[in-house]
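What follows is a set of notes on a single structure, which appears directly below.
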Amino acid sequence: MKNYDHKKIEKKWQTEWEKKNLYKAKEKGKKFYSLIEFPYPSGAGLHVGHIRSNTAMDIVSRKRRMEGYNVLFPIGWDAFGLPTENYAIKTGVHPIKVTKQNTDAFRKQLKEIGFSFDWSREVDTTDPKYYKWTQWIFLQFYKKGLAYKAKTYINWCPKDKIGLANEEVVDGKCERCGTDTEKREKEQWMLAITKYADRLDKDLDLVDYPDRVKLSQRNWIGKSEGMLFTAPVKDMDLEIETFSAHFEAFCADTFVVIAPDHPLLQTLVSGVKNEKEILLTAKKMVQDRSKAGFEQKEPTGIFTGKYIVDPVGNGNLPIWVASYALADYGTGIVKCSAHDVRDFAFAKKYNIPLKPVLFPEDKDLAKKVLNLELCFSDMQKGILKAPNIFAGRIAGETREEIIKYLEEKGLAEKRSSYKIRDWVFSRQRYWGEPIPIIHCEHCGMVPVPEKDLPIVLPKVKSYQPTDTGESPLANIKEWVNVKCPKCKMSAKRETDTMPNWAGSSWYYLRYMDSKNTKSFADSKKIKYWSPVDWYNGGMEHTTLHLLYSRFWHKFLYDLKLVPTIEPYKKRTSHGMILAEDGVKMSKSIGNTVNPADIVRLYGADTLRLYEMFMGPFEDAVNWNTNSIIGSRRFLEKVWRVGVSFNDKKKKKDPSSPKNSLSVEKVLHKTIKKVSEDIENMRFNTAVSNMMIFISEIEKALGSGEAVPKESFKKFLQVLSPFAPHITEELWNIFGEKKSIHISKWPKWSEKMLEENEVKIVIQVNGKVRGEMYIGIEEDEESVKAKATKENSVLKYLEGNVVKRIIYVKGRLVNIVC
RNA sequence: GCCCGAGUGGCGGAACUGGUAUACGCGCACGACUUAAAAUCGUGUCUCGCAAGGGAUGUGGGUUCGAUUCCCACCUCGGGCACCA
């Protein structure tokens with residue numbers, strides 16, 4: 001009997017599959033598009049976490065193929081990014097070269113695990129043939145006015161003298177050197193994702209995402225509905241707008257705050273005698289705010305000397321500059337009252353008068369509110385238990401009634417506000433897609449003509465960002481200086497590059513037609529493959545990549561370039577794999593696990609199986625090298641049983657008994673369980689059921705029962721998505737000519753799952769006291785009668801009157817006395 | 001502070017829609033095979049108790065004939081957000 005030699009088997013079939021193009025997708029038949037988040041090819045190599053999520057989708061893809069679908073399961077590289085650039089800065093090796101090395105290593109490693117990717121569609125975001133279209137899509141944004149330049153604050157590290165992406169700032173400190181970062185004003189490219197905020201929120205209703213993903217996107221978008229008030233500034237030809245989501249207590253408003261970085265502030269205070277002081281104080285507030293980081297600081301403020309005339313009759317309200325007011329939320333100006341904790345604290349600090357109108361039910365607390373010792377801000381308890389303040393009718397009214405009142409009187413209008421901000425889309429970095437814009441003194445900003453795309457990254461000597469915070473590209477004169485496409489005069493290229501989220505915002509579309517040179521993908525192919533049927537990825541991408549790509553997709557939909565409103569029909573999320581002690585695996589701690597080592601020692605099939613078995617797919621799990629042996633043992637059993645079927649030397653027992661019924665039953669249960677568990681990503685229980693099957697078959701064979709070959713082959717088929725190599729080898733040994741991976745997914749028979757006798761548990765007062773077997777169709781009365789006569793139960797009934805008997809069909813009887 | 005998620009044997013974890021808590025795996029113990037070891041196979045493995053029986057799913061209550069599952073309060077851990085009016 002041959003031993004299970006994973007090295008030989010795995011190599012053999014990987015080569016064979018590749019030769020036969022077994023997993024190549026064609027545009028024919030009923031389609032299924034399954035997608036994993038394409039990896040960032042880091043120098044650290046493949047992580048065991050990649051294998052967990054990839055195996056899951058590989059299993060789904062393989063099952064779909066066996067179910068007759070034409071499956072697209074593609075792979076590529078999200079290769080722009082900071083680690084590669086930082087490595088280049090340190091070593092001087094060109095990022096192109098580093099990327100090539102890393103993708104080669106990743107490709108090799110992925111192939112060793114036996115994923116059923118269609119390698120012919122491989123994409124690389126750093127390939128000019130790819131980023132030509134990333135740039136092209138950017139130009140479409142620009143043409144529609146959704147890509148624009150604006151002054152914003154960027155994170156600046158004063159030590160490294162570079163601008164940092166938000167992701168590089170951890171707790172307000174530079175990720176690289178730990179220095180406190182500052183905010184610096186800089187012109188940045190922005191993408192107007194806020195224009196799509198409402199649709200991004202609403203259309204979540206159309207997709208099959210986990211609730212926690214939807215919730216988290218909704219929180220991020222942060223839609224809140226409220227009222228917009230318009231008020232004239234006293235003695236000034238100026239009107240200001242204030243937004244409030246909690247406007248119920250509008251009768252309590254006694255002052256107004258404006259954000260220190262609000263664009264109207266300058267106008268508002270011009271001519272006020274301490275104008276300079278106000279503006280200086282405001283500027284300082286902005287600086288302090290960025291430094292404060294996570295510490296909630298005491299609010300500071302300064303009076304502007306101006307008042308609004310309150311539209312809802314609270315008189316003239318003083319306008320203050322307040323550090324806690326945000327310029328980019330709502331209108332940046334707020335009417336304030338005693339019923340908001342921040343307003344309350346601010347007013348107390350600066351002795352601004354307050355007049356509470358809302359009171360809690362508790363008398364003592366209400367008294368404290370009235371005496372301004374306490375801020376009552378719970379509008380939810382909603383109904384205003386207020387003294388009659390306004391127009392004789394606000395007290396006791398609900399939110400809806402107040403909205404109606406304000407609208408009817410024309411005092412305010414409904415408005416929604418969002419937390420989400422426009423997307424800062426430029427980086428002052430080398431390793432990203434150049435933004436295809438030319439700056440001309442005469443014509444202003446001119447988009448690069450589409451025929452000139454791609455704008456290829458030029459060679460530079462140093463990848464170090466410049467002292468001024470500009471991209472290293474700014475130093476390449478021969479690249480920067482160009483002719484203006486419009487007036488042909490000399491002009492300069494934009495030197496900012498795109499963030500690494502750009503290429504990943506549309507890669508799933510490129511996979512549909514990855515070689516196309518005329519468009520980002522052929523429209524017929526897009527139509528055939530859209531939408532992505534199942535997309536698995538990490539929770540950490542919920543509010544960045546996943547949201548960004550939904551945004552891009554909707555934009556392309558508006559341009560009629562894609563046929564669906566949403567890119568991904570279904571989304572699932574995997575949990576992280578942590579080190580054995582429950583902390584993140586990281587190179588610096590030295591607690592990483594190299595998948596290649598596991599593959600060498602136990603084989604890819606064992607690794608795949610182990611990662612599916614280790615715990616619930618959506619939860620974080622700790623790696624445990626000691627437990628891998630269990631999966632390996634299971635595969636060895638599969639191997640032994642499989643080989644024994646084909647052992648020619650083994651003589652058939654002439655008095656062979658009839659086929660083992662117990663194995664048949666477990667087989668059908670296993671087919672059902674595995675089929676359903678894959679759909680629900682409950683791989684761990686699928687594996688455990690397959691383990692039960694193999695024990696059962698070993699037991700049966702050991703006791704001389706017969707098991708038909710076909711039963712075992714069906715088992716191999718359901719195991720094949722998990723362990724593609726060993727099952728292919730055994731399938732082959734059974735004499736099958738075609739691959740197991742294009743065989744037909746087995747069906748289970750409900751009839752085989754039915755039992756004609758069932759075990760019934762007998763409880764007395766909810767405690768298990770015995771059990772009995774009954775026919776499945778036996779009627780309730782006779783089951784109850786039987787239960788009360790059961791020997792093991794009798795002694796518990798002695799001396800008691802049976803009050804009630806509960807029968808749960810096919811499960812238990814509970815005798816209550 | 002706000003919003004999610006999770007607490008079950010020595011460990012990873014099962015448990016359908018409220019119906020035998022601890023499936024499956026790891027580990028451990030004992031046994032078989034072996035000169036021996038490895039591998040493999042078998043048996044056992046929540047806890048107290050000689051037993052009959054009792055107690056256990058983070059803690060405390062509640063609903064129910066019956067609760068890991070539903071409700072309320074609290075504790076602990078993990079994740080996300082950051083003055084969002």
Side-chain angles (χ1 to χ4, degrees), chain A residues 3 210-213 215-216 218-220 222-224 226 242-247 257 259 289 292-299 322-326 328-337 339-343 345-346 377 417-421 539-540 542-543 575-576 578 580 582 609-610 613-616 618-631 633-634 636-637 640 673 676 682 684-695 698-699 702 759-771 795 803-817:
Chain A
N3 284 327
D211 286 341
R212 57 182 176 148
V213 171
L215 193 73
S216 161
R218 287 213 156 101
N219 287 344
W220 186 263
K223 179 175 180 171
S224 56
T242 66
F243 169 80
S244 175
H246 305 293
F247 49 83
V257 295
R289 189 156 67 189
F294 288 85
E295 302 220 4
Q296 190 92 238
K297 278 184 61 177
E298 196 185 299
S323 62
Y324 67 92
L326 302 170
D328 48 6
Y329 183 79
T331 63
I333 309 174
V334 200
K335 286 211 298 158
C336 304
S337 75
H339 295 296
D340 177 283
V341 270
R342 291 154 310 170
D343 298 345
F346 187 78
S377 62
S417 199
Y418 302 86
K419 285 187 198 175
I420 194 171
R421 306 283 191 263
M539 270 315 276
E540 71 276 17
T542 302
T543 51
M576 265 200 297
L578 306 168
E580 304 212 13
L609 205 71
Y610 167 65
F613 183 58
M614 63 197 302
E618 299 190 353
D619 295 358
V621 277
N622 295 4
W623 181 265
N624 186 345
T625 299
N626 290 332
S627 292
I628 298 172
I629 193 68
S631 300
R633 281 181 192 148
F634 165 68
E636 278 172 0
K637 283 185 195 178
R640 272 204 304 275
K673 188 86 173 105
E676 291 174 354
R682 295 159 59 118
N684 53 335
T685 52
V687 174
S688 98
N689 235 267
M690 292 191 280
M691 287 171 166
I692 292 171
F693 175 83
I694 214 71
S695 307
E698 278 202 315
K699 212 161 52 186
K759 189 165 85 176
I760 296 288
V761 169
I762 309 169
Q763 296 184 332
V764 179
N765 289 328
K767 283 198 192 301
V768 180
R769 298 302 185 187
E771 57 185 49
K795 64 174 176 179
K803 285 190 200 129
R804 216 175 130 189
I805 303 177
I806 289 140
Y807 175 50
V808 182
K809 194 165 186 272
R811 292 230 173 239
L812 60 67
V813 173
N814 189 9
I815 304 166
V816 187
C817 49

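Below, chain A is the first sequence line, B the second, and so on; all start at residue 1. Atoms considered below: every heavy atom in the structure, side chains included; atoms not considered: hydrogens, waters and symmetry mates.
Nucleotides C11(B) and C3(B) place their P atoms 32 Å apart, quoted to the nearest Å. Taking atom C1' on both G79(B) and G25(B), the two are 28 Å apart, rounded to the nearest angstrom. Annotation: A73(B) and A15(B) have their P atoms spaced 28 Å apart (nearest Å). The P atoms of G10(B) and U59(B) are separated by 14 Å, rounded to the nearest whole Å. Only the C1' atoms considered, G44(B) is 35 Å distant from U76(B), to the nearest whole Å.
Between N626(A) atom CG and G13(B) atom P the separation is 15 Å, expressed in whole Å. Distance I815(A) CD1 to G66(B) P: 15 Å, rounded to the nearest Å. Rounded to whole Å, atom P of A85(B) lies 17 Å from atom NE2 of H339(A). Between the P atom of U20(B) and the CD atom of Q763(A) lies a distance of 8 Å, rounded to the nearest Å. For the pair N3(A) CG and U40(B) P, the interatomic distance rounds to 12 Å; values are reported in whole Å. Note: CE (M539(A)) to C1' (C3(B)) measures 12 Å, nearest angstrom. Rounded to a whole Å, the CD1 atom of I420(A) is 13 Å from the P atom of C81(B). In this structure, the NZ atom of K419(A) is 5 Å from the C1' atom of C84(B), given to the nearest Å.
Of the nucleotides present, C11(B) is the one that pairs with G25(B) by Watson-Crick or G-U wobble criteria, both distances under 3.5 Å. Taking a pair to require two hydrogen-bonding distances under 3.5 Å in either a Watson-Crick or a G-U wobble arrangement, U76(B) pairs with A6(B). Using the Watson-Crick or G-U wobble rule with both distances under 3.5 Å, C70(B) pairs with G62(B). Base pairing of G1(B): its partner is C81(B), meeting the Watson-Crick or G-U wobble criterion (both donor-acceptor distances under 3.5 Å). For C41(B), the paired base is G31(B) (Watson-Crick or G-U wobble, both distances below 3.5 Å). Across the strands present, C16(B) finds no partner; the criterion is a Watson-Crick or G-U wobble pair with both atom distances under 3.5 angstrom.
T542(A) is listed as a side-chain neighbour of M539(A), based on a closest heavy-atom distance under 4.5 Å. Two residues are said to be in side-chain contact when any heavy atoms from C-beta on lie closer than 4.5 Å; S244(A) and V334(A) fail this criterion. In this structure, the side chains of T625(A) and E580(A) come closer than 4.5 Å at one or more pairs of heavy atoms. Within the 4.5 Å cutoff, no side-chain heavy atoms of W220(A) are placed close to those of K419(A). Residues D328(A) and R421(A) are in side-chain contact: their nearest non-hydrogen atoms beyond the backbone lie under 4.5 Å apart. Contact annotation: the side chain of V621(A) never approaches that of L578(A) to less than 4.5 Å [non-hydrogen atoms, C-beta and beyond]. A 4.5 Å side-chain heavy-atom check between V761(A) and R811(A) finds every atom pair outside the cut-off.
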List, one per line, each side-chain donor-acceptor pair under 3.5 Å for residues 685-695 of chain A, sequence neighbours excluded.
| unit_1 | atom_1 | unit_2 | atom_2 | d |
| --- | --- | --- | --- | --- |
| T685(A) | OG1 | D677(A) | OD2 | 2.7 |
| T685(A) | OG1 | R682(A) | O | 3.1 |
| S688(A) | OG | T685(A) | O | 3.3 |
| S695(A) | OG | M691(A) | O | 3.1 |

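Using a 4.0 Å heavy-atom criterion, one finds that I692(A) contacts the sugar-phosphate atoms exclusively. Looking at heavy-atom distances under 4.0 Å, D328(A) makes no contact with the nucleic acid at all. Among the protein residues, F243(A) comes within range of the nucleic acid bases, having at least one heavy atom under 4.0 Å from a base atom. Residue-level contact check: E540(A) touches neither bases nor backbone, having no heavy atom under 4.0 Å from any strand. Nucleic acid contact class of G810(A) (heavy atoms, under 4.0 Å, all strands): none. Across all strands shown, V768(A) has heavy atoms under 4.0 Å from sugar-phosphate atoms exclusively, and none from any base. At a threshold of 4.0 angstrom between heavy atoms, the contacts of S244(A) are confined to the sugar-phosphate backbone, with no base atom among them. Within 4.0 Å (heavy atoms only), S224(A) reaches sugar-phosphate atoms of the nucleic acid but no base atom.
Contact annotation: N684(A) side-chain N/O to A14(B) OP1/OP2 distance is under 4.0 Å. At C65(B), one or more side-chain N or O atoms of R804(A) fall inside 4.0 Å of OP1 or OP2 (strictly under the cut-off).
Between A325(A) and V257(A) the shortest heavy-atom distance is CB-CG2, 4.1 Å. Contact detail for S323(A) and P299(A): the closest heavy-atom pair is OG-CA, 3.4 Å. Annotation for I628(A) and W623(A): closest pair CD1-CZ2, 3.7 Å, computed over non-hydrogen atoms.
Closest contact between the side chain of I629(A) and the listed nucleotides C65(B), C26(B), G25(B) involves C26(B). Taking only side-chain atoms of M691(A), from C-beta outward, the nucleotide of C83(B), G25(B), G19(B) with the closest atom is G25(B).
Between the CZ atom in F243(A) and the OG atom in S417(A) there is a gap of 4.5 Å [rounded to 0.5 Å].
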All N/O contacts under 3.5 Å from nucleotides 41-46 of chain B to the protein, with atom names and distances to one decimal?
| unit_1 | atom_1 | unit_2 | atom_2 | d |
| --- | --- | --- | --- | --- |
| C41(B) | OP1 | R640(A) | NH2 | 3.4 |

Under-3.5 Å N/O pairs linking protein and nucleotides 15-18 of chain B:
| unit_1 | atom_1 | unit_2 | atom_2 | d |
| --- | --- | --- | --- | --- |
| A15(B) | OP1 | R682(A) | NH2 | 2.3 |
| C16(B) | O2 | R811(A) | NH2 | 2.9 |
| C16(B) | N3 | R811(A) | NH2 | 2.4 |
| C16(B) | N4 | R811(A) | NH1 | 3.4 |

List, with names and distances, any nitrogen or oxygen atoms from the protein found under 3.5 Å away from nitrogen or oxygen atoms belonging to nucleotides 52-56 of chain B.
| unit_1 | atom_1 | unit_2 | atom_2 | d |
| --- | --- | --- | --- | --- |
| G53(B) | OP1 | K795(A) | NZ | 3.0 |
| G53(B) | OP1 | Y796(A) | OH | 2.5 |
| G54(B) | OP1 | R769(A) | NH2 | 3.3 |
| G54(B) | OP2 | R769(A) | NH1 | 3.2 |
| G55(B) | OP2 | K767(A) | NZ | 3.4 |

Listing time: all N or O pairs from protein to nucleotides 10-12 of chain B that are below 3.5 Å?
| unit_1 | atom_1 | unit_2 | atom_2 | d |
| --- | --- | --- | --- | --- |
| G12(B) | O2' | M614(A) | O | 2.5 |

- request: Just do the side-chain contact (heavy atoms from CB on, under 4.5 Å) check on L812(A) and Q763(A) with the steps written out, would you?
  value: CA-CA 7 Å; L812(A) 60 67; Q763(A) 296 184 332; 3.8 Å; yes
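A donor-acceptor pair under 3.5 Å is absent between the side-chain atoms of D619(A) and the main chain of G575(A), judged by distance alone. Checking side-chain atoms of N765(A) against main-chain N and O of C817(A) turns up a donor-acceptor pair under 3.5 Å. Checking side-chain atoms of Y610(A) against main-chain N and O of G630(A) turns up no donor-acceptor pair under 3.5 Å.
Nucleotide G9(B) carries a syn base; the chi torsion (O4'-C1'-N9-C4 or O4'-C1'-N1-C2) is within 90° of 0.
Nearest-nucleotide positions on RNA chain B place V687(A) closer to the 5' end than the other of V687(A) and M576(A). Each of S695(A) and V816(A) was matched to the nucleotide of RNA chain B holding its nearest heavy atom; the match closer to the 5' end belongs to S695(A).
Here D343(A) pairs with Y324(A) under the side chain to side chain donor-acceptor pair (under 3.5 Å) rule; sequence neighbours left out.
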